[in-house]
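The block underneath contains the structure these notes are about, expressed in structure tokens.
All chains are named by letter (A, B, ...) in the order of the sequence lines, taking the proteins before the strands, and each is independently numbered beginning at 1. Values in this document were obtained by computation on a predicted structure and should not be read as measured data.
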Amino acid sequence: KAGVTQTPRYLIKTRGQQVTLSCSPISGHRSVSWYQQTPGQGLQFLFEYFSETQRNKGNFPGRFSGRQFSNSRSEMNVSTLELGDSALYLCASSLDQIYNSPLHFGNGTRLTVT
Amino acid sequence: AQSVAQPEDQVNVAEGNPLTVKCTYSVSGNPYLFWYVQYPNRGLQFLLKYITGDNLVKGSYGFEAEFNKSQTSFHLKKPSALVSDSALYFCAVRDGLTGGGNKLTFGTGTQLKVEL
């Protein structure tokens, strides 16, 4: 089975721009979560989608948004980029929390904001 | 609110020696606990989980973890460390009391360095 695929792997943007990151979950996985990883804040939960609905949301400003499509693929968008948004953005998929199945992570998208 | 503490930023071990990476947690309901490992420029790889049952959980690559409810700990262990085990290790918790969702709270990570 193919793992979680995130595109692109690297991205360089300028302050004020917006960016869209993409995530394809493992086949059959219906839950997709997004995390931000930075040296200072560590791993922080952004949001989770299940069956195209946002099920959970972390403490991030409204500039961070996401969506999930009917095939479970997900995108996250960050508008009006700030220098502090530079981070590794990780997507993870899971069967569903009912099964207590673990999260399977992609290799991430490294976003650099200049 | 749920939380995880990993008290050691770095653990150094000689190859062949046993290793322990410490983790303590705080949740309102039953804890669902996980260990992940991260290699440079990669995502997190799942090692093992505790949901319920035996306090000693066995996972991938020879790792195991011991759940201790009274001490609210979930320490990661391996009987004999390998140089290839050198990586960043994260403990995570999901609160079983909250309904729905896969939100994990992660610790700050422990850098494991295994030397020859």
Practice item. With a 4.5 angstrom heavy-atom cut-off, could you sort out which part of A:F47 is near chain B: side chain, backbone, both or neither? Key: neither
Review point. For the hydrophobic clusters of this structure (ILVMFWY residues joined by side-chain heavy atoms under 4.5 Å, transitively), does one cluster hold both B:Y50 and B:Y61?
Key: yes
Review point. Should A:V78 and A:L88 be regarded as members of a common hydrophobic cluster, given that ILVMFWY residues are connected when their side-chain heavy atoms come within less than 4.5 Å of each other, either directly or indirectly?
Key: no
Review point. Within the side chain of B:Y36, is there an N or O that forms a donor-acceptor pair under 3.5 Å with the backbone of A:L103?
Key: yes
Review point. Do A:L11 and A:V113 belong together in a cluster built from hydrophobic side chains that touch within less than 4.5 Å?
Key: yes
Check your understanding: Which bit of B:Q38 comes within less than 4.5 Å of chain A, counting heavy atoms only: side chain, backbone, both or neither?
Key -> side chain
Check your understanding: From B:T108 OG1 over to A:Q41 CD, what is the distance, rounded to the nearest 0.5 angstrom?
Key -> 11.5 Å
**Study point:** chain B contact via A:F50 - side chain, backbone, both or neither, heavy atoms under 4.5 Å
**Key:** neither
Review point. Around A:R63, counting heavy atoms of other residues, nucleotides and ligands shown, do more than 12 lie under 6.0 Å from its CZ?
Key: yes
**Study point:** Spacing of CZ belonging to B:F106 relative to CD belonging to A:Q44, to within rounding of 0.5 Å
**Key:** 12.0 Å
Check your understanding: Which bit of B:L48 comes within less than 4.5 Å of chain A, counting heavy atoms only: side chain, backbone, both or neither?
Key -> neither
Practice item. With rounding to the nearest 0.5 Å, note down the distance linking CZ in B:R42 to CG in A:L90. Key: 12.0 Å
Exercise for review: Pick one of side chain, backbone, both or neither for B:L44, based on which atoms fall under 4.5 Å of a heavy atom in chain A.
Suggested key: both
Check your understanding: Can you hop from A:Y89 to A:L83 via hydrophobic side chains spaced under 4.5 Å?
Key -> yes
Check your understanding: side chain to side chain contact (heavy atoms under 4.5 Å, CB included) with A:P102: which of B:W35, B:Y32, B:F46?
Key -> B:F46
**Study point:** Toward chain A, the part of B:F90 with a non-hydrogen atom under 4.5 Å
**Key:** side chain
Point to revise | Atom CG of B:L82 with >12 non-hydrogen neighbours under 6.0 angstrom | key: yes
Check your understanding: Just wondering, more than 12 heavy atoms not from B:K22 lying within 6.0 Å of its NZ?
Key -> no
Review point. Going only through I, L, V, M, F, W and Y residues with side-chain contacts under 4.5 Å, is there a path from A:F64 to A:F45?
Key: no
